[in-house]
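Okay, so here's the structure we're looking at.
Sequence lines set the chain letters: A, B, ... in the order given, protein chains first and strands last, and positions in each chain run from 1.
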2 protein chains.
Amino acid sequence: MGLLKFFFGFMLLILGGNTVLSVFIKGKLSDVITSHRHLAPDLKEKYFTQILDHFNYNSLGNGTYDQRYLISDQYWKKGYGPVFFYTGNEGDIWEFALNSGFMLELAAAQGALLIFAEHRYYGKSLPFGKNSFDRPEVGLLTVEQALADYAVMITELKKELAAHNCPVIVFGGSYGGMLSVYMRIRYPNIVAGALAASAPILSTAGLGDSKQFFQDVTSDFEKVDPSCRVAVQGAFQKLNVLAQQKDYNQIQTTFSLCKPPGSPKDIHQLNGFLRNAFTLMAMLDYPYSTQFMSSMPAFPVKVACETMLNSTDLMSALRDTVGIVYNSTGDLSCYDLYSLYVECADPTGCGLGFNSYAWDYQACTEIEMCFESNNVTDMFPLMPFTEKQREEYCFKRWGVVPRPGWLKTQFWGKDLSTASNIIFSNGDLDPWANGGIRKTLSPSLIAINIPEGAHHLDLRGSNPDDPESVINARKKECETIAEWVKAARMEAS
Amino acid sequence: MGLLKFFFGFMLLILGGNTVLSVFIKGKLSDVITSHRHLAPDLKEKYFTQILDHFNYNSLGNGTYDQRYLISDQYWKKGYGPVFFYTGNEGDIWEFALNSGFMLELAAAQGALLIFAEHRYYGKSLPFGKNSFDRPEVGLLTVEQALADYAVMITELKKELAAHNCPVIVFGGSYGGMLSVYMRIRYPNIVAGALAASAPILSTAGLGDSKQFFQDVTSDFEKVDPSCRVAVQGAFQKLNVLAQQKDYNQIQTTFSLCKPPGSPKDIHQLNGFLRNAFTLMAMLDYPYSTQFMSSMPAFPVKVACETMLNSTDLMSALRDTVGIVYNSTGDLSCYDLYSLYVECADPTGCGLGFNSYAWDYQACTEIEMCFESNNVTDMFPLMPFTEKQREEYCFKRWGVVPRPGWLKTQFWGKDLSTASNIIFSNGDLDPWANGGIRKTLSPSLIAINIPEGAHHLDLRGSNPDDPESVINARKKECETIAEWVKAARMEAS
């Protein structure tokens, strides 16, 4: 789910260091805040003294850490309005806050208190600072700990803010949407409902087809133009022929690589690097340019296909197409494969930098993503990622043995009949969508499908270029959430 | 909840060692099995290779341990009949199996597979053997780990036994009943319903009145004869006067102590020792003698009151009354206070021996039992047990800091509106009852109150001396469970 992670990693690379990155982000954020000025959410950054290990009273975690969160009471009907709580996922919490404009609009409409909580081991919520990814320190990075963090934080902040009578609704996108689902099923005593946007709760629990993800990425490009798929597939096949011939210099030239590949391993890396660009464009196929995620143009999949079909040389076209993602500014004169893309336990990408370590660890433990491309059901090279490969990689990298089936046991898989008050929203353009819940399961387990939507488009703020389908989705979400809040009040009274 | 723990501790004391205890229990068990011969549950003892730490992939627990369980397929309609799963609590699993005859009768009636799982850190399920109660080893003793053990065990055993289509119903008494509730609310994907017998889910989560428990113990004796309460209270007051006068020799003589008390601490210990006998008699106030729990006579509360009122010397009467519990055989010539009773973080008693360590640790971490007696709302001496006292004791004993409110956060407290398919049964004689759910909350959250019942009487096998109320309770439980199983089948098909 290498969305924001990628962005940060990329910035880190370009700007060459943490300090610069930090300054850059601050500048960037203030721009984005300006663009949100009409909503003017007075988000304050705070830290919560959080239990380090909720599940072991005698562990190394017998202490606390500082968990970052953002809060705004600007729209809140104090002591009465609901609490809208974003269950932070794999990145800096500011990024989620600033790309979840819908929550701000909704808070304004419904008089809600806004809280965005940062996930442990991401952003500035590093329990052991720079040593957070050492062993055994990294062991406290689990879904259960993150959920307990949120449960404890909500409980304490409600006390602190005299919000006893304020129903809590959780929101999240992608893995954050999964966490929202889990919060509602695990802590319905604390959470009255959940909007889970683009939450692939099935595919990340090892349920479903390992071919689905890259098949659906492919499908996005095919839908724009069937010849686009043919072209991409053809380009990868040509690359494969060159690789078989070990014509590494030709490959270097054609793909503008800083160094020629020297082995099948490098070719594998190149294939991963190329495939990842398509993954990102499919996920981020928004109807307007998203400056904040590198410089993704409006409708990047369409732009990609135009680029692919613009040249008779398929491989050059492929190089130019991935440039939409890796070289939007045109500043790079060549691609350094191992800096721009790092292979990890998530075949859809972990990004780069600190946050990517955390996500790789999660993909090595609880989150199961053995997705493969195969050049038959998708347009990409044959790149399997079996349970065995995952196990070997994860043991080598982190000293852990994944436990397939655990997430399904813990969080119910598709056995959701006893759950309630969850919206599962998904965009049809999003390759994650078919790893989630696509059909309404009951009057209170509602699937909302957005035909023109990419990855959690509905969480973004309103935009003049929004398609009708996301406007309708947000309307339905707004009404449903208002009903949940009302029902929670009635039950409490 | 020092029921079985007490028995084991007592035996340990009398027999003087672990080896002897083990032999003794085996002998004892075979007797009990004989007495159950008409049901002849062909219980086999097995071990399950269990994950040591479900919530940390890089902990010292990155391995497995052998978890004991008992299984019988004697009544099972193979591959079709339900699974009746006892969520073992704070003791040897054989004891629970042999005192849950109702499950056997129900399995026979409904063609069920029977499984009794032992709770980690109890009985023979010690993850680190003799070192299990060292630090940090003891840290893996939590409610969450125990529940995850059961979830994993059920999932795996269902695969192994081709029981995919067999709905699982969990059963438990006391803390085991709490675990049954938690299993249903935490893992409804795995568990179709729960019979929670005498499960004090509220009072152990810090909800309710800290005076309730000893008030209700007192009430049992008062109901038999109001003068009984007066006599007990008077005896404790007389003891208090002697203690104030430091007339320790008189106290030794009157209470048949092996050593004279020498300090207020010893007096405190004496008071705890005496009070504990009443706790046990109230909990075990069954209508027939229960050989298995030392030699408790039928209606021990009635016997106690007869004893109390049989002598004009109140303190001697008190001594003789506690003898019902501590000296049923009459073999002890004097009481060694510190061997017969150990004060711990559970004011209702942790018993003695290994299992008591585990329960003390749980009472120091997640399970909150700050119960007090005060000589006003109850007949016992003033013995507060505040949160502060608990914190001090627990830090000193185990190096842990309790986190009040955690159990309520984790397991919902009284906010059970989203739960379903749970029977909360309670006996009116049981001092734990009013710490549990006494009113039906919905058509699928059913309270069954048993006026003549003591601590989870309904889980015991049928007996000619059973009061009508427990017979009716079991009938209702049987019908409800059959409905759950039927509904679960329909949902699955």
Practice problem: State which residues pass ring-ring contact (aromatic ring centres under 6.0 Å, His included) with A:Tyr361; sequence neighbours excluded, sorted by chain then number. | Solution: A:Trp398

Exercise. Side chain from CB out, backbone as N, CA, C, O: work out which of these in B:Thr142 comes under 4.5 Å of a heavy atom of chain A, or both, or neither.
Key: side chain

Quiz item: With side chains defined as the heavy atoms from C-beta onward, is the minimum distance between A:Leu140 and B:Asn56 less than 4.5 Å?
Solution: yes

Self-check item: More than 12 heavy atoms from other groups under 6.0 Å of OH on A:Tyr47
Solution: yes

Quiz prompt | Point-to-point distance, once rounded to the nearest 0.5 Å, from CG of B:Asn58 to CD of A:Glu137 | solution = 9.5 Å

Quiz prompt | Parallel, tilted or perpendicular: ring planes of B:Phe55 versus A:Phe55, cut at 30 and 60 degrees | solution = parallel

Quiz item: What's the spacing between B:Thr418 OG1 and A:Ile185 CD1 if we round to 0.5 Å?
Solution: 11.0 Å

Quiz item: Could you name the residues of residues 150-166 of chain B that have a heavy atom within less than 4.5 Å of a heavy atom in chain A?
Solution: B:Ala151, B:Val152, B:Thr155

Quiz prompt | Part of A:Glu491 within contact of chain B (heavy atom distance under 4.5 Å) | solution = side chain

Quiz item: Can you name the ring-ring contact (aromatic ring centres under 6.0 Å, His included) partners of B:Phe424, sequence neighbours left out?
Solution: none

Quiz prompt | Heavy-atom closest pair, residues A:Arg186 and B:Trp412 | solution = O-NE1, 2.9 Å

Quiz item: So, do A:His54 and B:Gln410 sit near enough that their side-chain heavy atoms are less than 4.5 Å apart?
Solution: no

Quiz item: So do A:Tyr187 and B:Thr409 actually touch side chain to side chain, heavy atoms under 4.5 Å?
Solution: yes

Quiz prompt | Considering all heavy atoms, the nearest B:Pro402-A:Tyr57 contact | solution = CA-CE2, 4.4 Å

Quiz prompt | Pair listing, salt bridge (charged side-chain N to carboxylate O under 4.0 Å, His left out) test, anchored in residues 405-421 of chain A, at least two apart | solution = none

